[in-house]
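What follows is a short report on a single structure.
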Amino acid sequence: TGKFGAFLGCVNYPECNHTKQLGENAEGDGEQAGDDLPRMLGHDSITAMDVWMKKGPYGIYVQLGEEKKPKRASLPKGLTADQVTLEKALELLSLPREVGPHPETGKMILANLGRYGPYLQHDGAYTSLTTEDDVLTVGMNRAVTLIAENAKKKGNEPLRVIGKHPDDGEEIKLFSGRYGPYVKHNK
């Protein structure tokens with residue numbers, strides 16, 4: 001046993017670091033499918049390049065071609081290596097995806113996968129997608145709703161105006177903050 005649970009290792013362990021995890025962790029996280037990697041999934045009909053699934057230091061990813069700087073895309077959470085088909089790999093490699101122009105600003109909304117998970121990008125601002133939303137299928141209506149909710153959360157707009165202060169007549173506003181709701185008058 002080791003720090004991460006039971007494992008099999010070669011007779012020269014720890015000098016030889018060839019190990020394989022045993023138990024529930026090895027079965028539940030899709031790492032078993034990583035044993036037969038790298039694996040070619042097929043050919044992209046547009047670029048005529050091979051589509052590969054590989055395992056790197058940060059997890060399993062798909063790759064287009066074998067040139068010096070190939071296009072790569074990590075697998076999103078919840079998607080295991082054995083669930084990835086050629087079509088799914090090509091969808092991941094096509095990111096960022098244009099969702100469409102925002103109805104109010106006319107600027108393009110992009111859906112993409114990033115270091116911290118799936119997100120939407122609009123007008124220089126980033127909005128994380130929820131676990132129910134899929135970066136490959138999120139639609140325009142849902143994207144606009146998420147962007148509006150995110151702008152409201154950031155404190156740009158008050159939740160409501162409570163009224164006017166009796167001394168100076170300035171508005172008292174209710175905001176939602178990191179630690180819960182708060183009121184604001186001037187500064």
Side-chain angles (χ1 to χ4, degrees), residues 3-5 24-25 27-31 34 53-64 69-81 83-85 87-187:
K3 165 163 115 168
F4 301 108
E24 292 180 18
N25 284 347
E27 295 171 12
D29 60 4
E31 292 297 319
M53 186 181 329
K54 296 185 174 190
K55 185 175 182 180
Y58 303 109
I60 298 173
Y61 63 93
V62 290
Q63 175 177 308
L64 181 64
K69 291 241 181 191
K71 179 147 177 119
R72 294 179 177 158
S74 297
L75 299 187
K77 258 187 190 171
L79 184 66
T80 60
Q83 294 173 325
V84 177
T85 62
E87 292 76 28
K88 183 66 80 172
L90 290 172
E91 287 177 350
L92 290 170
L93 288 165
S94 70
L95 292 174
R97 177 178 73 88
E98 290 184 351
V99 178
H102 194 282
E104 294 172 6
T105 64
K107 295 185 179 177
M108 190 57 68
I109 299 173
L110 299 175
N112 201 359
L113 278 174
R115 184 177 184 181
Y116 302 109
Y119 67 91
L120 296 170
Q121 179 183 357
H122 170 257
D123 199 18
Y126 298 90
T127 303
S128 295
L129 289 173
T130 63
T131 54
E132 297 88 36
D133 297 313
D134 182 17
V135 70
L136 300 172
T137 60
V138 67
M140 176 60 86
N141 292 338
R142 181 67 178 150
V144 170
T145 303
L146 287 170
I147 290 169
E149 287 173 0
N150 188 44
K152 206 173 213 182
K153 276 187 203 174
K154 288 192 175 182
N156 297 346
E157 300 175 21
L159 296 175
R160 69 180 181 149
V161 177
I162 296 174
K164 300 211 181 264
H165 194 277
D167 292 342
D168 60 7
E170 294 291 323
E171 291 181 335
I172 300 172
K173 299 174 184 174
L174 177 68
F175 289 89
S176 178
R178 177 192 284 176
Y179 304 109
Y182 67 94
V183 293
K184 186 174 178 183
H185 169 254
N186 290 337
K187 293 186 179 180

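Keep in mind the model is a prediction, meaning the values are calculated, not measured. Side chains included, hydrogens not; waters and symmetry mates left out as well; all remaining heavy atoms used.
Rounded to the nearest 0.5 Å, atoms CG (Asn112) and CD (Gln121) are 8.0 Å apart. The distance from the NE2 atom of His185 to the CD atom of Glu171 is 10.0 Å, given to the nearest 0.5 Å. Note that NE2 of His102 is 9.0 Å distant from CG of Asp123, once rounded to the nearest 0.5 Å. Taking OG1 of Thr85 as the reference point, atom CD of Gln83 lies at 10.0 Å (rounded to 0.5 Å). The line from CG of Leu93 to NZ of Lys71 is 7.0 Å long, rounded to the nearest 0.5 Å.
Under the 4.5 Å side-chain criterion, counting only non-hydrogen atoms from C-beta, Leu136 is in contact with Leu95. Looking at heavy atoms from C-beta onward, Arg142 lies out of side-chain contact with Leu120 at the 4.5 angstrom threshold. At a threshold of 4.5 Å between non-hydrogen side-chain atoms, the residues Leu79 and Leu92 count as touching. The shortest side-chain heavy-atom distance between Ile162 and Lys173 does not fall under the 4.5 Å cut-off. At a threshold of 4.5 Å between non-hydrogen side-chain atoms, the residues Asn186 and Asp168 count as touching. Counting only heavy atoms from C-beta outward, the side chains of Val135 and Pro76 never approach each other to under 4.5 Å. The closest side-chain heavy-atom distance from Leu146 to Thr130 is below 4.5 Å. At least one side-chain heavy atom of Thr105 sits less than 4.5 Å from a side-chain heavy atom of His122.
Pairing each heavy atom of Leu64 with each of Pro70, the nearest pair is O-CB, 3.4 Å. In terms of heavy-atom proximity, Leu110 sits nearest to Val99 at C-CG2, 4.4 Å. What you find for Pro101 and Gly106 is that their closest heavy atoms are CB-O, 3.7 Å. The heavy-atom pair separating Ser74 from Leu113 by the smallest distance is O-CD1, 3.6 Å. Closest approach of Asp134 and Leu129 over heavy atoms only: C-CD1, 4.4 Å. When all heavy atoms are compared, the tightest approach of Tyr61 to Lys55 is CE2-C, 4.0 Å.
A side-chain donor-acceptor contact under 3.5 Å links Arg97 to the backbone of Val138. Of the possible polar contacts, one joining the Asn150 side chain to the Tyr126 backbone as a donor-acceptor pair under 3.5 Å is found.
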